[in-house]
Amino acid sequence: DSEHTAKQWERITLWATDYSELTTEPVWILGNEYSALTEKEEILSDVTSRLWFTYRKSFPPIGGTGPTSDTGWGCMLRCGQMILGQALMCRHLGRDWRWVRGQKQRQEYISILNAFIDKKDSYYSIHQIAQMGVGEGKPIGQWYGPNTVAQVLKKLAVFDTWSRLVVHVAMDNTVVIEEIKRLCMPWLDKVALWKPLVLLIPLRLGLSDINGAYIETLKKCFMLPQSLGVIGGKPNSAHYFIGYVGGELIYLDPHTTQTAVEPCEHGQFPDDTYHCQHPPCRMHICELDPSIAVGFFCRTEDEFDDWCMRIRRVCFHSFTCLATTCPCLNS
């Protein structure tokens, strides 16, 4: 409608004004490169199409008697939902799929949202993540770090028979190629069919602050076509980082409390609140807490082999030595 069109152009104008001093800098969003000068609408469409999971209130009690809101403690859990949600979007809809407000959505999209809706039997709901986290030493209502949420997502993905993902958490900065291929192709002696891979790599890029030697390599991770982004943020304040421009990271912020959504008939439900419809947040990369988890998605074995080739270049052809922080590929 005309009102929505006017708001859309208002957002584009805000973006243009905000980036007037950065028009020569490329904007990278999850492996896609844009011009801030000529592709503002495309940038906003891409960002808006990402799933945006925020604090919610008035959902069924977690565990039957627990909290009915995750405000104040669930931000990293929501970031975990966003990075895995991006993997499911790539898996079922493709990286180039775009969300259009008010448009009838594909069943695959509805199924993805249903996997995250705030109810106890959804695969990746706040209920499931919070309860699975107890096994990782995190009582319900306690804040998570990137590694903890990665481990929980790995456990929950086993039950998602629709997506058939392999979620692998590479510890000690090491990616073992043979191990991943055994996980993704457990029937190597038979027909080699690849299970789509979500690779999460927890990293610590400094002590209390990010070490500047790692910044350029971290930025290059957003340039890879397999990029799922980064979960991290500031101390006790998590964000989902989806790209960068210049020296600033672009992110989706879960720190907005919205009312839980109930599905309507045929599994459809209002989805406006699951998409951030304003220019994304930005922060200088030097403000990033050094504890992060980097994510990648490889639909096929060829994509994983391509990732291995690209990440070797990122790690070993950069101007700094990253042996202690970047994934070391071992076969």
Side-chain angles (χ1 to χ4, degrees), residues 28-33 50-51 80 82-97 106 108-109 111-112 115 123-124 146-147 150-203 217-218 220-231 242-243 292-318 322 325-331:
W28 284 94
I29 305 290
L30 299 174
N32 285 0
E33 181 181 8
R50 301 314 105 215
L51 290 177
M82 284 190 271
I83 198 169
L84 189 63
Q86 177 61 20
L88 292 183
M89 300 274 274
C90 292
R91 165 77 172 89
H92 297 290
L93 298 171
R95 175 64 182 89
D96 295 329
W97 178 87
R106 291 168 51 177
E108 294 92 339
Y109 167 82
S111 296
I112 291 170
Y123 288 129
Y124 307 113
N147 178 54
Q151 297 293 346
V152 169
L153 294 176
K154 174 182 176 180
K155 293 180 177 180
L156 290 177
V158 174
F159 303 100
D160 184 357
T161 56
W162 175 54
S163 297
R164 297 178 63 254
L165 296 176
V166 168
V167 176
H168 179 69
V169 182
M171 300 304 297
D172 302 319
N173 311 322
T174 302
V175 175
V176 182
I177 295 174
E178 288 185 355
E179 179 184 3
I180 288 178
K181 292 203 172 186
R182 281 196 301 268
L183 291 170
C184 293
M185 297 186 292
W187 38 75
L188 277 173
D189 294 334
K190 301 178 182 178
V191 180
L193 298 176
W194 177 272
K195 288 185 176 180
L197 169 69
V198 175
L199 177 58
L200 301 174
I201 309 176
L203 297 170
T217 298
L218 178 61
K220 288 178 182 177
C221 289
F222 292 105
M223 300 166 66
L224 300 181
Q226 298 88 353
S227 175
L228 290 178
V230 172
I231 53 176
I242 59 174
I292 64 171
V294 185
F296 303 96
F297 176 74
C298 302
R299 180 194 295 271
T300 65
E301 184 181 10
D302 285 344
E303 289 186 9
F304 176 64
D305 291 340
D306 178 75
W307 177 84
C308 292
M309 176 192 68
R310 291 174 183 270
I311 205 69
R312 281 192 177 104
R313 292 175 180 171
V314 167
C315 291
F316 301 119
H317 293 180
S318 60
L322 302 173
T325 58
C326 269
C328 175
L329 294 163
N330 294 315
S331 57

What pair of heavy atoms forms the shortest contact from [X] to [Y], and how long is it?
| X | Y | result |
| --- | --- | --- |
| K154 | V167 | CG-O, 3.2 Å |
| P202 | A170 | CD-O, 3.4 Å |
| I231 | G80 | CG2-N, 4.4 Å |
| M185 | L193 | CG-O, 3.7 Å |

So, the side chain of [X] versus the backbone of [Y]: is there a donor-acceptor pair under 3.5 Å, distance only?
| X | Y | value |
| --- | --- | --- |
| R95 | L30 | yes |
| W194 | C298 | yes |
| R91 | P196 | no |

Taking the side chain as C-beta and beyond, is there a heavy-atom pair between [X] and [Y] under 4.5 Å?
| X | Y | value |
| --- | --- | --- |
| I177 | C308 | yes |
| V166 | I180 | no |
| L84 | L156 | no |
| I112 | L93 | yes |
| D160 | L88 | yes |
| S227 | M223 | no |
| P225 | E303 | no |
| L51 | M82 | no |

Distance from [X] atom [atom1] to [Y] atom [atom2], nearest 0.5 Å?
| X | Y | atom1 | atom2 | answer |
| --- | --- | --- | --- | --- |
| Y123 | T161 | OH | OG1 | 4.0 Å |
| M89 | D96 | CE | CG | 11.5 Å |
| E301 | C184 | CD | SG | 9.0 Å |
| D172 | I201 | CG | CD1 | 12.0 Å |
| I83 | I242 | CD1 | CD1 | 11.5 Å |
| Q226 | C221 | CD | SG | 11.0 Å |

What orientation do H92 and W162 show, parallel under 30°, tilted 30 to 60°, or perpendicular over 60°?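 Rings of H92 and W162: parallel, as their planes differ by under 30°.
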Verify whether the ring centers belonging to W307 and F296 lie closer than 6.0 Å.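 Centroid distance W307-F296: below 6.0 Å, so yes.
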Could you go through the side-chain contact (heavy atoms from CB on, under 4.5 Å) check for L203 and L218 one step at a time? CA-CA 11 Å; L203 297 170; L218 178 61; 5.9 Å; no
